[in-house]
Amino acid sequence: MRRLRLGGRREHDEEFVAYYAARAGHLRNTAYLLCGDWHLAEDLTQTAFTKLYRAWTRIDRHDVLDQYARRVLLRAFLDEGRRPWRRERPTLPGDEALDTVAPEQRGVEDRQVLKTALLRIPKGRRAVLVLRFWADLSVEQVAEVLGCSTGTVKSQTARGLDNLRDVLGDALDDLKPTIPGGQP
């Protein structure tokens with residue numbers, strides 16, 4: 001009987017390793033957008049996969065693993081922010097380094113400006129924006145991951161985008177809403 005258990009465990013381990021190989025990069029990128037620090041993103045990803053591995057044999061629906069992994073990652077991110085040593089910030093929000101204007105070139109510079117601005121909005125709204133626009137989840141899927149109503153997701157998305165526009169100022173004009181007729 002013990003041999004059968006080990007064989008079943010080996011099969012589960014192989015499935016988990018295959019899932020990890022396929023999705024770890026995407027989950028790490030999502031974690032980076034949430035926290036803005038590659039080292040912390042690695043830690044959050046590792047925490048999420050550790051928790052996922054511990055629950056792997058109990059997960060019945062492997063077709064929704066991405067949703068489950070994102071939920072675990074998001075909870076790890078929110079929990080990490082509650083730790084006392086994570087409340088320390090090396091750069092103050094009014095610091096000159098954060099208030100730089102983006103150069104005219106598009107590309108890496110825009111991503112850096114957007115990332116910096118994203119880090120300056122509240123974590124809950126940042127989580128909604130990352131899940132909606134980076135992970136490309138629907139309002140309903142984000143509500144399920146966050147454990148809130150679709151109305152909350154919609155309002156937090158709107159407020160988060162407003163916060164992002166305020167923080168960006170004129171740095172990325174294409175993020176400004178337009179009214180019919182093309183006027184901002």
Side-chain angles (χ1 to χ4, degrees), residues 14-56 59 61-83 85-86 88-91 93 97-98 100 102-103 105-148 153-154 156-161 163-165 167-168 171-172 174-175:
E14 289 172 3
E15 289 175 2
F16 179 80
V17 168
Y19 180 74
Y20 177 85
R23 302 304 294 162
H26 180 73
L27 204 60
R28 186 183 65 246
N29 290 339
T30 302
Y32 175 72
L33 287 174
L34 287 170
C35 68
D37 177 357
W38 281 113
H39 298 288
L40 181 56
E42 288 284 345
D43 291 346
L44 292 171
T45 303
Q46 193 66 32
T47 299
F49 274 108
T50 300
K51 290 180 179 187
L52 186 63
Y53 178 77
R54 293 180 72 200
W56 192 258
I59 298 173
R61 294 186 56 205
H62 284 230
D63 58 324
V64 292
L65 278 174
D66 285 345
Q67 289 175 325
Y68 182 72
R70 275 192 299 268
R71 179 179 291 176
V72 171
L73 176 70
L74 181 66
R75 288 182 180 163
F77 165 67
L78 294 174
D79 288 345
E80 188 68 23
R82 294 182 184 114
R83 300 184 195 285
W85 59 85
R86 293 293 181 201
E88 297 177 11
R89 298 284 179 229
T91 308
L98 296 176
T100 58
Q105 297 177 349
R106 295 295 213 192
V108 175
E109 295 83 11
D110 284 348
R111 285 194 298 270
Q112 184 62 34
V113 169
L114 191 56
K115 180 193 73 105
T116 302
L118 196 58
L119 292 174
R120 292 181 64 191
I121 65 173
K123 287 182 358 179
R125 292 177 184 168
R126 184 183 336 151
V128 170
L129 292 178
V130 168
L131 292 174
R132 285 283 290 131
F133 301 111
W134 170 255
D136 201 26
L137 298 181
S138 68
V139 170
E140 293 77 18
Q141 290 170 320
V142 173
E144 184 180 332
V145 168
L146 296 176
C148 63
V153 171
K154 291 176 185 177
Q156 291 300 305
T157 300
R159 290 180 184 136
L161 288 172
N163 292 147
L164 200 56
R165 288 183 191 106
V167 169
L168 286 170
L172 297 175
D174 57 339
L175 289 178

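This chain uses plain numbering: 1 for the first residue, then up along the sequence.
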So which heavy atom on [X] is nearest to which on [Y], and how close?
{"X": "C35", "Y": "A41", "result": "SG-N, 3.7 Å"}
{"X": "L137", "Y": "R132", "result": "O-NH1, 2.7 Å"}
{"X": "Y19", "Y": "A69", "result": "OH-CB, 3.7 Å"}
{"X": "G160", "Y": "I121", "result": "O-CD1, 4.1 Å"}
{"X": "K123", "Y": "L78", "result": "NZ-O, 3.9 Å"}
{"X": "A117", "Y": "L168", "result": "CB-CD2, 3.5 Å"}

[Y] side chain reached by [X] side chain, heavy atoms, under 4.5 Å:
{"X": "L27", "Y": "R70", "answer": "yes"}
{"X": "V142", "Y": "V153", "answer": "yes"}
{"X": "V130", "Y": "L118", "answer": "yes"}
{"X": "Q156", "Y": "R159", "answer": "yes"}
{"X": "V17", "Y": "Y20", "answer": "no"}
{"X": "N29", "Y": "W38", "answer": "yes"}
{"X": "K51", "Y": "Y68", "answer": "no"}
{"X": "V72", "Y": "T47", "answer": "no"}

| task | Please check if the side chain of R126 supplies one atom and the backbone of L34 the other of a donor-acceptor pair under 3.5 Å. | result |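 Such a contact is found between R126 side chain and L34 backbone.
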
| request: To the nearest 0.5 angstrom, please state how far the CZ atom of F49 sits from the CG atom of L73. | output: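 Atom-to-atom, F49:CZ and L73:CG are 9.0 Å apart.
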
| query | What is the ring orientation for Y53 with F16, classed by angle as parallel under 30°, tilted 30 to 60°, or perpendicular over 60°? | reply |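 Perpendicular: the ring planes of Y53 and F16 meet at over 60°.
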
| query | Looking at Q141, R71, R23, which hits side chain to side chain donor-acceptor pair (under 3.5 Å) with D66? | reply |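 Among the candidates, only R23 passes.
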
